[in-house]
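The structure presented is a predicted model; accordingly, all values stated were derived computationally and were not measured.
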Amino acid sequence: MSSATYTIWLRNLKRYIRSKSRIFGSLGQPLFFLVVLGFGLSSLNIPGATGGYLKFIIPGIIAMTVLFTSIFSGIQIIWDKQFGFLKETLVAPISRLSIMLGQTFGGATTALIQGLLIMILAFVIGGIFPSAMGLIIALVFMVLIGLAFTSLGIAIASKMEDMQGFQLIMNFVIFPIFLLSGALFPLTDAPKALKIITYFDPMTYGVEGMRYGILGSSSINPLICFLVLGGFAALMILIGSILFKKIKV
Amino acid sequence: MPNQENRLPMKSEEAIKVINLTKKFKDLTAVNNISFTVKKGEIFGFLGPNGAGKSTTLSMLATLLEPTQGTALVNGFSIRKDRDSVRRSIGMVFQDPTLDEELTAYENMDFHGRLYNVPATVRKKKILELLKLVELNERKDSLVKTFSGGMRRRLEIARGLLHEPKVLFLDEPTLGLDPQTRNKLWEYIKRLNTEKGLTIILTTHYMDEADKLSDRIAIIDNGKMIILDTPENLKNMIGGEIITVETPNGDKLESLMKNCKWCKSGKRHDGSFTLTVDHADKKIPELVQIANKNKIKINSIVIHKPSLEDVFLHFTGKTIREQEAGAIENLRQGRRMHGRMRRR
C-alpha cells in the first residue's frame, strides 16, 4: 500500500471516529429493522427461515449496515469536491489510483467497523454465538461488500456534480440492491421471477455468504458467493478507478 | 525522481517560462496565446477582472488543466510531460478553500506532508515551524471549522510551503477578507519572498494588492496578456497627472475639452470627468476658467499621480469593475458549454 493510499485511508478513519453522532445515528436504522421486523414477524412461520425470522434476518441486517455505510463513504467524494478538499489531493504528486484506493479502503474499513458494531448488538438481541470460523467467513464477506460498494459509491460520485441526485441514487440503486438481496426473505421459496432477479443482485451473494458464516447454512454455496462477490468487488474497483481518473474539479 | 531528459532548456535565473499557452473551452478562449517568464525570487502579479483567465492560467501551470496549445516550464519541468515533478516543486493556494474542516490545523498540515512524502523525522518540526510563522501554533489542535476566513487562508499558505516548493502560486489570496487581515497576509507574503527567497505568482483583481506586492505585473483581460512591466513603469507609461473633476455637467465639459491641446486624454464617468495632463497644477486655473465661462458647475477638483487603476483603464479602455460585468457573463456561458460537453 503506497503512503498516499495510507494517508487518505487515515483521513477517512479520523473523520469517522470523530463523528460520534454519525456512528450512533446510523446504528438506528438497522437496529429498527432488526427489532421491529425480527420481533414483529417472529410469530409468522416463514418456510426457509429456520431458527426463527429474527435469526434469519441478522446476517442480512449486518450486510445492510455495511452496504449503506460503504456507499455513503464513496459518495462523500462529492462533498470533498464541493468543499474543495479534493483539489488538495488532486494537485499532489500522487496517482489518481492511489487516491481512489485510499478512499476505497477507508470506506470499507469504516463500513466494517459499523458492521461489527451492529453485529455485536444483533448477536446479543438474537442470542446467537457463531463459531470462530463462521465469524471469519462473515468478516471476509463484510470486507468484500465494503470494498465493492465503496467503489460503486466513488464511481457514482465521480459522475455526479452535486448532491441533487442523491435521492435518486438512494431510491433506485441502494434500496433495490438491499431489498432484492434476499436479506429479508428466504430465496428458497420466493416466486421464480423474483428469484431470478435476486440472482442478478451481487448483494445476494454477500448476504448468503454471511448467512453461511453466521447461521451455518445458506441457499447458495458459500464458495460461489465468494467468487461472485469477489469478482464484483474487483470489477467495481476497476470501474471506480477509471471514472475517478476522469473526475474534474 | 525528476527525469533529466525531461528537463528542458531554461535560463538559470528563470523560475517559469510560458510559451504560447492557450486554453479553449469549446467556443470560449479562456487563455489566448500568452507567453512570459517569471524570474527566480520575484513576486509576479496577474492583474485582471474575474473571468479574465488568471485562474485558468494558474491551473494549467499547476498541471490541473491540460493546455489546448502551447506549454510552460515550471522550475525546468514541462507541465505537459513531467507533471509530478512540477507538482512536487510548487505550492498552490487555490482561490476557493481546500481544507478539511473536520480535521485540525495540524492534521491538515500532516495530511499534506504525507502526500508530498515529507519524511516523518522532519515533518512534525516543520509543521510546527510553519504554523508559528503564520501565527496559528496556539490553535494547531482546533478543528478548521472553527477558524475565521483569514486563519484558513494563513493555514493554506503554511500548508503550501510544507514540502519546500520553489514557487508558490496564490490564487486571489485575500479574496473576501477584511482590510486588516489583508494587510497582515501581505506582510506574510512579502516576508516569505524576502526571507526564504521564494518565487511567488499571485493573481488578483485588487489594484492595491497588485501594486503593493508585485515586482512585476501582467495585466490580463479576456484571456490575453495586455502588458507586462513593473508597477512603476506601468504608471510612468501613462505619464503626467490625472485631474478628476466632479461635475453634474460632465458631457458638456467633455465636448468643450475635445479640442484642448494640452490634454493627453479625457474621459467622462458617472458624475465626473478625468483628464490626463502634464503639470496639472498649472492647468487647473485654465480649466476652471473654461468651466466658469460655460456655466459648468464644479463640485470638486482632485489631482493625483496615475494609479494602477488608471493604467488598467488606459490599456483596456474600461475600469476593472466595468470589465468584470462582461467577463463574468462570458465565463458563465463558457462553463455552461463546458458542462454540457462533459455530460455527453
Side-chain angles (χ1 to χ4, degrees), chain A residues 1-23 73 76-103 106 110 156-162 164-165 243-249, chain B residues 1-2 25 58-59 61-66 77 82-104 106-120 123 143-145 152 155-156 159-160 162-163 165 169 171 335 338-339 341-343:
Chain A
M1 191 154 87
S2 84
S3 78
T5 304
Y6 168 73
T7 305
I8 288 159
W9 174 85
L10 190 67
R11 170 194 175 232
N12 271 282
L13 223 65
K14 271 188 181 156
R15 283 180 65 115
Y16 169 74
I17 291 165
R18 207 154 283 167
S19 60
K20 301 263 178 336
S21 62
R22 214 184 81 203
I23 298 177
S73 304
Q76 274 200 356
I77 286 210
I78 291 180
W79 270 292
D80 281 349
K81 214 188 315 191
Q82 279 185 334
F83 287 105
F85 187 74
L86 193 61
K87 268 188 186 172
E88 151 78 358
T89 19
L90 292 186
V91 80
I94 51 175
S95 71
R96 291 270 172 115
L97 182 66
S98 61
I99 301 174
M100 190 273 174
L101 288 179
Q103 197 70 29
T110 54
I156 293 170
S158 305
K159 280 280 160 194
M160 261 162 68
E161 292 290 319
D162 48 41
Q164 299 274 329
L243 293 180
F244 185 74
K245 228 170 217 167
K246 293 183 187 153
I247 211 169
K248 284 211 173 84
V249 281
Chain B
M1 275 291 105
F25 296 110
L58 238 55
S59 289
L61 293 180
T63 74
L64 271 181
L65 264 182
E66 188 116 20
F77 305 111
D82 208 354
R83 296 155 74 125
D84 274 3
S85 301
V86 171
R87 289 171 181 209
R88 221 169 277 128
S89 72
I90 61 166
M92 180 93 192
V93 178
F94 293 98
Q95 186 170 331
D96 311 312
T98 56
L99 295 163
D100 187 339
E101 300 195 347
E102 301 291 331
L103 296 184
T104 65
Y106 185 89
E107 286 167 339
N108 266 287
M109 296 285 283
D110 189 62
F111 179 83
H112 185 90
R114 287 169 185 270
L115 282 193
Y116 284 77
N117 263 324
V118 178
R123 197 162 60 224
L143 293 182
V144 171
K145 65 179 167 193
R152 288 171 194 223
L155 178 58
E156 285 181 308
R159 186 180 64 179
L162 185 58
H163 57 285
F169 290 102
D171 196 0
R335 282 221 179 112
H338 187 52
M341 190 171 61
R342 217 192 303 171
R343 272 192 289 276

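The CG atom of A:Leu243 lies 10.0 Å from the CD1 atom of A:Ile156; values are rounded to the nearest 0.5 Å.
No salt bridge links B:Asp100 with A:Lys14; every basic N to acidic carboxylate O contact stays at or beyond 4.0 Å. Salt bridge B:Arg83/B:Glu66: present, at least one basic N to carboxylate O contact under 4.0 Å.
Counting heavy-atom pairs under 4.5 Å between each of B:Val86, B:Asp96, B:Leu64, B:Ile90 and chain A puts B:Leu64 at the top. Taking B:His112, B:Glu101, B:Met92 one by one and counting their heavy-atom pairs under 4.5 Å with chain A, the maximum is reached by B:His112.
Heavy atoms closer than 4.5 Å to chain A are found in both the backbone and the side chain of B:Phe111. For a residue to count as touching a neighbouring chain, one of its non-hydrogen atoms must lie under 4.5 Å from one of that chain's; by this rule A:Thr89 touches chain B with backbone and side chain alike. No part of B:Leu65 comes within reach of chain A, as not one of its non-hydrogen atoms sits under 4.5 angstrom from that chain. With a 4.5 angstrom heavy-atom cutoff, A:Leu10 touches chain B only via side-chain atoms.
A donor-acceptor pair under 3.5 Å is formed between the side chain of B:Glu156 and the backbone N or O of B:Thr98.
The closest side-chain heavy-atom distance from A:Arg11 to A:Phe85 is below 4.5 Å.
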